[in-house]
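So that the names make sense, note that chain A is the first sequence line, chain B the second, and so on, each numbered from 1.
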Amino acid sequence: MNIDLPPQYSPQSVESAIYKKWLDSKTFHAVPDARADKYSMVIPPPNVTGALHLGHAINGTIQDILARYHRMKGDNTLWMPGIDHAGIATQAVVEKTIFEKEHKTRHDLGREELVKRIWQWKEQFGARILTQLQSIGASCDWDRTRFTLDETCAKAVREAFFKMFKNGLIFRGKRLVNWDTHLQTAVADDEIYHEPVKGQLTSIKYPVDGSPGEFLVVATTRPETMLGDTAVAVHPDDPRYKHLIGQHVILPLIGRRIPIIADGQLVDPKFGTGVVKVTPAHDPNDYATGLRHNLEQINLLTPDGKVNDNGQGEFLGKKYAYIGLKFATAARKAVLADLESLNLIADKKKHDHEVGHSDRSKTPIEPYLSDQWFVRMGDITNDNQSRNRQGATSEPRPSGSDSSSANTSRSLPDGRGSDGVTLADGTRVPGLAQAAIDAVASGRVKITPERYAKGYIDWLSQKRDWCISRQLWWGHRIPVWTYQMSDATVKVLAEKGHAGIDEKDLIAQEAFAGWLLLKPDQVAVPSWLSPQRITIQGKHAAGFPWPEDGRLMICIKDNPALEKEAEALGFVQDPDVLDTWFSSALWPLSTMGWPDRGTSATANDELLPYFYPTSLLSTAREILTLWVARMVVFGLYCHGDVPFKDVYIHAVIQDGEGRPMKKSLGNGVDPVDIVASHGADALRFTLAAMATETQDIRMPVVKDSKTGINTSPKFDLGRNFANKIWNASRFILGAIAENTPQLETRNLKLETLEDRWILSRLNSAIQSAESAINAYRFADLAESLRSFFWTDLCDWYLEISKARIKAGDQTVQQILLHCLKTSLQLLHPVMPFITEELWSKLPIENRKSKIENLLITSPWPPFDSAQLDSAAESQLSLIQSLTSAIREIQNRYPAAKGKPVILQPRNAATQSLIEQSRAIIESLAQVTIQENSPTAEKPVNAATAVLSDGGGVQVFIADVIDKTAEAAKLTKRKAELEKLILSAHNKLSNESFASKAPAHIIQGLKDQMSKHQEELIAIEKNLAELQAKT
RNA sequence: GGGCGUUUAGCUCAGUUGGUUAGAGCGUACGGAUCACACCCGUAAGGUCGCUGGUUCGAGUCCAGCAACGCCCACCA
C-alpha cells in the first residue's frame, strides 16, 4: 500500500479530531437495552475548584481502560461523569477571589448574593476539569454529566435526608466541634492537620477552698481556657490528692467554686503535676469528662474566636475581664499576666505539642460548643438505660464533629419498641455502620487490593456518628425549619407531657406540619413525645420538639407551600448546609436518578434498575472511609443494594523522593502539560505501566530548564512506545496490498514457523491482557502489550519476515495485517488515540465513513487456544538464542563481522532444527553458516559461544580471537558453571532432598546439571586449547 | 501508641501456591546512519533480594525479632 505517514507520531495533530469522532459516534452514550452484559462505573466526582492532577489522570486512565475494554467486549457500558460542589473548598476559593478583587467579605455580600456569585464562578470554571479529562481520552457519557448540587442530585439529597429524619437517624446535638474561627465554620476531623507548635506548659496554682495556703497545681498549655474551668480532676488512686477529692477549689480570676473530682480516664498521674483542669466547653477530653461527671459547660468563645461575656469574674475582691480579646493570643497573654501578678504561676516550661489546624484556612482550630446535625451510624437499641449507661462509662469520643457517644441518649430512634434500622430492601440491621461492615465482610463488596478492607472495617467499627452540618452557604441547605418555643412550653414538654392528643390521628394526617404550624402551642403537650420525642411523620414533613434549645424542628420535603406557611408562622430554616460528603455518598444513586428510576422522562431510559449496582468504583485510598463507606451505607439504606460490586484502590503517585505531589512543594507534574508534550496515549501508557498494587509509586520529577515546567522522564516510556507503534504500523501498511484479505483464523493451518510462532504469541498476549484487566493489574497489562508488540512482533517477526515481505509473499501480508489489527484492538483501551488513528488506515472493507468501523466499537479479539503452538515457540527460541550468540561474538570481535560461522550442535535433532531455520538465522545475524554438524571441528583461534539451553550448540567463528579476553571470558564462565554444578551436586546427593523433593524438581535439576556439565567440558576444552597455543 | 504497607540492579518497579542460573523498562558502556522507527537497532556490564535468627531437603517468597522509610487512625492536660 502507498501510505503517506510521517516517520514520527504527532499526537497533537490527531487527538482532538479523534475525540470528536468518538463524540459524534455517540459511543460513550449508554442507554439501557436488552443486553444482560453490562458494565457501569461512576466517576469519583472531582472538585469543581479542581484542576486535573496525576491522581485524576491515573484513576481516569484506569477507568477508561475498563470502560473501553468492556465496550469492546460487547457489554453495555456506562461511565457516569460529574463534578462535586466541594462546599468548603469552593466557597473558600470564591470568597478569597471576591475579597482580593472587591475587598468584600461574605457578610458584606449576604447569603443570596454569595451563592449567586459561586454559581457564576461554577458556570465559568466548573467544566475545566471535565475538558481536561476529555483531553486524556476519558470515554464518559458526557450527556449524563451530573453536578452534586444540580436538581437531580438535590432531589436525592432531600429524599435521603427526609427518610433518615423520619426514621430518627438524623439527630441534633450540642457538640464540641472543631471550629475554624477564620471561616467561622465547623470542620470535620479529617479536614484538620496537626502542626507542631513551640508552646509552654504553665503550672497554675488553684487555691483549695477552705484550706488557706493549700493549692492544687494544674499544668496547661492553654491557660486562657481556665476561664471556663468547671472542675479540677485527679487520679482516684493518687495518694497525693486522695484526701481532696470531693472538696473544691476557687478558680483564680473568675472566683468560681469548682469541685475536685476523681477521674481515672482523664488523668495520668505521671504527667505534669497529676492534676488536670477541666474545661468541658473547650477541650474534647474535658468535654467527655464533663459528661461523665455532669459538669457545667461554659462556653467562652464568640464565633470569630474572641472571648465572650463569660470571660469575666471576681477573685480576691478584684474584678477581671477578658471580653473581646482573641482567645488563644491576647486573652492568653492577659490571663498569664494577671496570674503572674497574683503570684499563682508555679512553673513555666517549654513544651512542644501538636495543634490542630484547619486544612482550609490554615488557622488553628478551636474546640467549640455548637449545635450540629448528625447521622446516627451506630447500632440502635431501644434500651434507654443501657444507652445511658454506655454514654456515661464507655470510652467517649467527643473530639471533633463526628463524635457521638454522649449523645446516644438524645438520639431519636423511630423504633417505638423495635431496635435497629430497616434498609430499603426490608432487611433489619443493628445500625447503618454495621450494614456497611457486613457488605464488605461478606464479600458483597470486594475491595482490591484486599488489604484495604481491613481499614474500611476498622473505621466503620468505631460506629462514630457523622456530623453532617456545615456552617457554610455553598451546599445543600438543611431542609429543617425551627420554631422557637416559649420557655413555659419547653418546661411543660420537658417535664410533663400530655395525654390529650392521639398519635395515630396525627400520623394519619397527610402533613403533620400543617397541624403543627396551625397549632404550634399544642406541640408542647403530647405525652408520647417523651421519651421518644418523635412526633409526627407525614409524606412531606416530619418533626420533633427539641427542649434542649427550646425549638421545634420540622423537616419539610419538596413542599414549597408548606415551607412558606411555616415561615409565615415564624419557623426559620436552619442556616447550615450539609457536609459535601452527604451528597457524594448518594452519588451512585443520584446520578442514576434515585429516587426515580432514571434521570430522563422517557421510560426506556431507566438507568437505576439497569445500571445499579455499578460494577466498579475506582478511587484513592484516602477516601475509602469518608466516601466509599458512606456510599455503601446510603446504597443499602436508600435503595437496598450496595452501590458497587468491586472497589479498586489505586496507588498514589509521589515524587522521586517519596513525597506526595503538592502545590506547596512545587513537585507536581501537570498531566495537561504531559498531554501537550508527550500526548495523551503516552501519559496513559506510562500511568498504566506504573499502576502496580503497591500503595505508593514514585515518579522522579525534573524541571525543564527552558519552560520551567515539571515533567518526568517516565513519560518517555509511553511516548517511545507510541512512536514504535506508529512506525511499525507504517511499515506494515507499506508492506501489504490494499486488497489483502483478512486472515481466516478458524481451522488455520500455517506452514511457516515464524507465522505459527507469532500467532501463538499473539494469542498469549490476548490471554494475558484479559486476565490482567480482570485482575486490575494494569502494570502487567501494559507490560504484556509492550513486550508482545515491541519484542515479539517488531524485533523478531518483522525482522524475520523482511525477506518474504520484499518478495511479496501473500501469507505474510495476511499475518501482518492480522497482527496489526489485533494489536491495535488490544492496545486501544490503554492507548486509544493512536490506535484509532491507525485503525482508520487499515485496508479493511467497508471501513470508510461508517461509524461501526471505528476501532472503539470493534469487538475485543477472542482468545483462541488452538493457535498456541509450543513447538513453534521452542524452535523460535532456539533461533533467538543462536542469533544472539552469534551477534554477541560479532560485538565482542568486530573482526568477526562478515566471517562465516560454524555450528556444532549436540545432536542430529538439533542439527536438523537449525538446518530448517538456517535462512532465518543467517539473515538475522547477517552471517553465513559454513557448517552445521555435531562433528564440526573447531577452527583455529576461533571465538566461541556455547548455548547452555536450546540444544547445547557451540558457535565458532575462526581467526578473530583476542586470546587474553577470550581466556578471561571463558574462565569467568567456567567458575560460574563449577559453582552451579557443585550446588546441584550437593543437593542431589542430599538424601533428604532425594527422598522429599518432588520428582519433576529432581529431574529438572539433573537435566540442568548435565547441560552445565556439557557446557563446562566444552569450555574447559576451549580454554585448554587456548592456553596450549599461548 | 494502634493499624496498614514498603525495603530486590544506579533509578522506577515485577517476581503467582516455597523448587532448576532472580526479571523488565530507564540509565550506563561498547558497536551501528541497514531501504519502519536514533522517540531506533544490536550487544554487554550491573543484584551476598534491608539486617539477624528460625521453619524446611530447599527461602527473594513462610515465621519471629530488629532497622529505615511511608500512609491511615488515635493521643499528647
For the base of [N], is there a side-chain donor-acceptor partner from [X] under 3.5 Å away?
{"X": "K454(A)", "N": "C4(B)", "value": "no"}
{"X": "K802(A)", "N": "A36(B)", "value": "yes"}
{"X": "N891(A)", "N": "G42(B)", "value": "yes"}
{"X": "Q8(A)", "N": "A38(B)", "value": "no"}
{"X": "H1000(A)", "N": "U20(B)", "value": "no"}

So which one's nearest nucleotide on RNA chain B is more toward 5', R887(A) or T791(A)?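 In this pair, the answer is T791(A).
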For RNA chain B, whose closest nucleotide is more 5', that of K1006(A) or that of D458(A)?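 The residue mapped nearer the 5' terminus is D458(A).
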Say you draw a straight line from CD of E978(A) to NE2 of H1012(A); how long is it, rounded to the nearest 0.5 Å?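 One gets 12.5 Å once the value is rounded to the nearest 0.5 Å.
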Determine the contact category for [X]: base if any of its heavy atoms lies under 4.0 Å from a base atom, sugar-phosphate if only primed atoms, P, OP1 or OP2 are that close, otherwise nothing.
{"X": "R719(A)", "answer": "base"}
{"X": "Q890(A)", "answer": "nothing"}
{"X": "D286(A)", "answer": "nothing"}
{"X": "K714(A)", "answer": "base"}

Output yes when R222(A) and E366(A) qualify as a salt bridge under the 4.0 Å nitrogen-oxygen rule, no when they do not.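 Yes, charged N to carboxylate O under 4.0 Å.
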Should C40(B) form a Watson-Crick or G-U wobble pair with both distances under 3.5 Å, which nucleotide is its partner?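 Per the H-bond distance test, G32(B).
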Is the shortest heavy-atom distance from the side chain of K841(A) to the side chain of S729(A) under 4.5 Å?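 They are not in contact (no side-chain heavy atoms under 4.5 Å apart), so the answer is no.
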With a 4.0 Å limit, can you tell me whether R730(A) has a side-chain N or O closer than that to the phosphate oxygens OP1/OP2 of C35(B)?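 For C35(B), neither OP1 nor OP2 has a side-chain N or O of R730(A) closer than 4.0 Å.
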Closest to the E783(A) side chain: U21(B), A36(B), A24(B)?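 Minimum distance to the E783(A) side chain belongs to A24(B).
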